[in-house]
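Note that ligands are numbered from 1 as they come in the structure, with each ligand's atoms numbered from 1 the same way.
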Amino acid sequence: MKTVFFDFDGTLTKDCLPTWININGILRRNGAEVTGELYQMFINEEIDYKEWCELTIAKLKKYNFLRSDFEEVARNTKLIGGVYEAFETLRANGWRIQIVSGGITEIIRLALGDALKFVEKITANEVFFTEDGTLDKIYATEYDYKGKAVYIQNYINANKISPKDAVFVGNGSNDEWVFTTGAKTICVNPEDTDPNNKTIWHEAYVDIDNIKTILPAILDKDSLEKAN
Ligand SMILES: [Mg+2]
């Protein structure tokens with residue numbers, strides 16, 4: 001039950017805006033005033049993650065965010081190179097693939113395209129629409145920030161897998177708790193985290209265009225040679 005957990009925004013994407021920044025752009029277009037206020041309140045622990053999501057969704061509803069707007073965000077989301085091939089190689093070598101993200105499941109699904117078939121599970125925020133395509137509700141993920149470590153720890157315990165058979169790939173400050181699970185942590189294209197912090201990140205690839213670059217940190221030499 002070897003499993004690689006990937007963060008999404010900035011880890012499996014490159015040269016595009018993160019999901020929530022993209023969403024804010026559309027909100028502004030719809031006339032909303034968007035500030036970093038809610039994020040700051042969350043960071044200052046004035047509101048929790050769920051409240052942050054609820055306040056955000058209220059704003060999305062107020063400014064008439066539609067299913068088509070989410071589809072636009074997905075179209076604006078560009079995958080880093082090699083996602084399909086890297087996932088295929090990992091699967092061929094017996095690794096399961098999961099995505100643990102603070103983004104939005106539907107956007108991740110759409111952005112992954114064909115590579116989605118290799119993914120066992122996506123854990124992220126879920127949005128629901130009414131039949132006419134207007135926003136209905138959001139289920140906030142419990143598994144962002146510290147929650148990412150909680151999710152992976154639960155998975156390790158439930159499946160009785162050795163932490164060495166768990167790998168996490170991420171790029172940001174919301175990924176900084178995962179090392180506490182004992183999983184191997186790999187930093188790619190770091191955004192707001194220090195890739196040289198060896199406690200938090202066991203390996204780091206600071207500027208890559210293709211996610212296949214990290215495979216030597218996961219697969220042994222024989223498996224790699226077979227894949228190439
Ligand atoms: Mg990220």
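Proximity of a side-chain donor or acceptor of Thr185 to a complementary backbone N or O of His202 within less than 3.5 Å is detected.
Of all non-hydrogen atoms in Arg96 and Met1, the two that sit nearest each other are NH2-SD, 3.1 Å.
One of the N, O or S atoms belonging to Asp9 lies under 2.8 Å away from the Mg ion (ligand 1). At least one N, O or S atom of Asp7 sits under 2.8 Å from the Mg ion (ligand 1). Contact annotation: Asn171 places an N, O or S atom under 2.8 Å from the Mg ion (ligand 1).
For the 3.5 Å distance criterion, the side chains of Asp144 and Asn174 qualify, holding a donor opposite an acceptor. Side-chain contact of Ser162 with Asp165: a donor-acceptor pair under 3.5 Å is absent, judged by distance alone.
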